[in-house]
Amino acid sequence: MFYVGKKAITKKFNFSNVIGKSDLPGYIRHYVHEDETILAAYKTERDHATFTDKKIVLFDNYSRFGMRKQIYSISYKSISAVAITFEKTKAEMNIILDNGYHAYLRFADVLPEDKVRLRILYTCINRISSNQEPLKEDIKRLLDNNFKVKSK
């Protein structure tokens, strides 16, 4: 992690599982406004990421002298660049904010349908951060959890 003064300018998050929108812990819903739609959610044993149609909310739970939680809310409008990298069973989304901060979202144990979900999510984030509307069929697939991979 890099620091300017005492402030971290790079934050890394690791996620291993997709979580159903109905299975989100109640406290997460407090950070999603009524006019927002949850598109996807991820978790590890301790952390969560929720992607809405307007922002990403990251919950970083860690233990240092007791339980501690940091919550990051990243508006898609504050993203200046976003990139996604796929490997065989992993994926990483690199988000660069207008203020120069970076967030790396790493996804482990990625299945083919997870790659489709992440590609569609990336496309939506990229379009919204570029002041474009996301494609309606992409939003529908995210909401319907429809990521069937066609066999060759």
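On a predicted model such as this, the values are computed, not experimentally measured, just so you know.
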Check the surroundings of atom CD in Glu133: do more than 12 heavy atoms from other residues, nucleotides or ligands lie under 6.0 Å from it? no

Worksheet item: Any side-chain heavy-atom pair from Tyr31 and Ile71 closer than 4.5 angstrom?
Response: yes

- Query: Within the side chain of Asp53, is there an N or O that forms a donor-acceptor pair under 3.5 Å with the backbone of Thr37?
  - Reply: yes

Heavy atoms of Arg127 and Pro134 approach each other most closely as NE-CA, 3.8 Å

> Would a hydrophobic clustering, with Ile, Leu, Val, Met, Phe, Trp and Tyr connected at side-chain separations under 4.5 Å, put Leu111 with Ile120?
Replying inline: no

May I ask you to check whether Phe107 and Tyr42 place their ring centers less than 6.0 Å from one another? yes

**Report entry** side chain to side chain contact (heavy atoms under 4.5 Å, CB included) evaluation trace for Phe15 with Asn17
**Finding:** CA-CA 6 Å; Phe15 301 102; Asn17 299 313; over 6 Å; no

Rounded to the nearest 0.5 Å, the CG atom of Leu142 sits from the SG atom of Cys124 at a distance of 5.0 Å

With a 3.5 Å cut-off and sequence neighbours excluded, list the donor-acceptor pairs that the side chains of residues 73-85 form with protein atoms.
| unit_1 | atom_1 | unit_2 | atom_2 | d |
| --- | --- | --- | --- | --- |
| Ser75 | OG | Lys77 | N | 3.2 |
| Tyr76 | OH | Thr52 | O | 2.8 |
| Tyr76 | OH | Lys55 | O | 3.3 |
| Lys77 | NZ | Asn131 | OD1 | 3.2 |
| Ser78 | OG | Ser75 | O | 2.7 |
| Ser80 | OG | Ile96 | O | 3.1 |

Electrostatic pair Lys43:Asp23 at N-O distance under 4.0 angstrom: no

**Asked** Same hydrophobic cluster for Leu118 and Ile19, using side-chain heavy-atom links shorter than 4.5 Å among ILVMFWY?
**Response** no

Subject >> Close side-chain approach of Leu24 to Thr50, heavy-atom, < 4.5 Å >> reply: yes

Checklist line | Exam field: side chain Arg106 to backbone Phe13, donor-acceptor pair closer than 3.5 Å | finding: no

When rounded to the nearest 0.5 Å, the distance separating NZ of Lys90 from OG of Ser16 is 13.5 Å

With side chain to side chain contact (heavy atoms under 4.5 Å, CB included) as the criterion, how do Ile56 and Ile95 come out once you've worked through the C-alpha distance, each side chain's angles and the decisive distance to 0.1 Å? CA-CA 11 Å; Ile56 304 168; Ile95 299 169; 3.6 Å; yes

task = With side chain to side chain contact (heavy atoms under 4.5 Å, CB included) as the test, would you mind laying out the steps for Arg29 and Ile38 before giving the verdict?
result = CA-CA 9 Å; Arg29 296 189 179 278; Ile38 296 172; 3.8 Å; yes

Test: Glu36 and Lys54 ion pair at under 4.0 Å: no

*Lys/Arg N to Asp/Glu carboxylate O, Asp114 vs Arg117, below 4.0 Å*: yes

request  = Examine distances only and state if a side-chain atom of Asp144 and a backbone atom of Asn146 form a donor-acceptor pair shorter than 3.5 Å.
outcome  = no

- request: May I ask you to check whether Phe59 and Tyr72 place their ring centres under 6.0 Å from each other?
  value: no

### More than 12 heavy atoms of other groups within 6.0 Å of Phe147 CZ
yes

Nearest heavy-atom approach of His102 to Asn94 is ND1-OD1, 3.7 Å

Without swapping roles, check the side chain of Asn126 against the backbone of Thr123 for a donor-acceptor pair under 3.5 Å. no

* To do: Find out if a path of hydrophobic residues (ILVMFWY) with successive side-chain heavy-atom gaps under 4.5 Å connects Val57 to Tyr122.
  => no

Are Leu39 and Leu105 in one and the same hydrophobic cluster, where Ile, Leu, Val, Met, Phe, Trp and Tyr link if side-chain heavy atoms are under 4.5 Å apart? yes

**OP:** Go through Met93 and Ile125 one step at a time and tell me if the side chain to side chain contact (heavy atoms under 4.5 Å, CB included) criterion holds.
**Re:** CA-CA 11 Å; Met93 194 177 295; Ile125 292 169; 4.0 Å; yes

So CG of Asp138 and CZ of Arg119: to nearest 0.5 Å the spacing works out to 7.0 Å

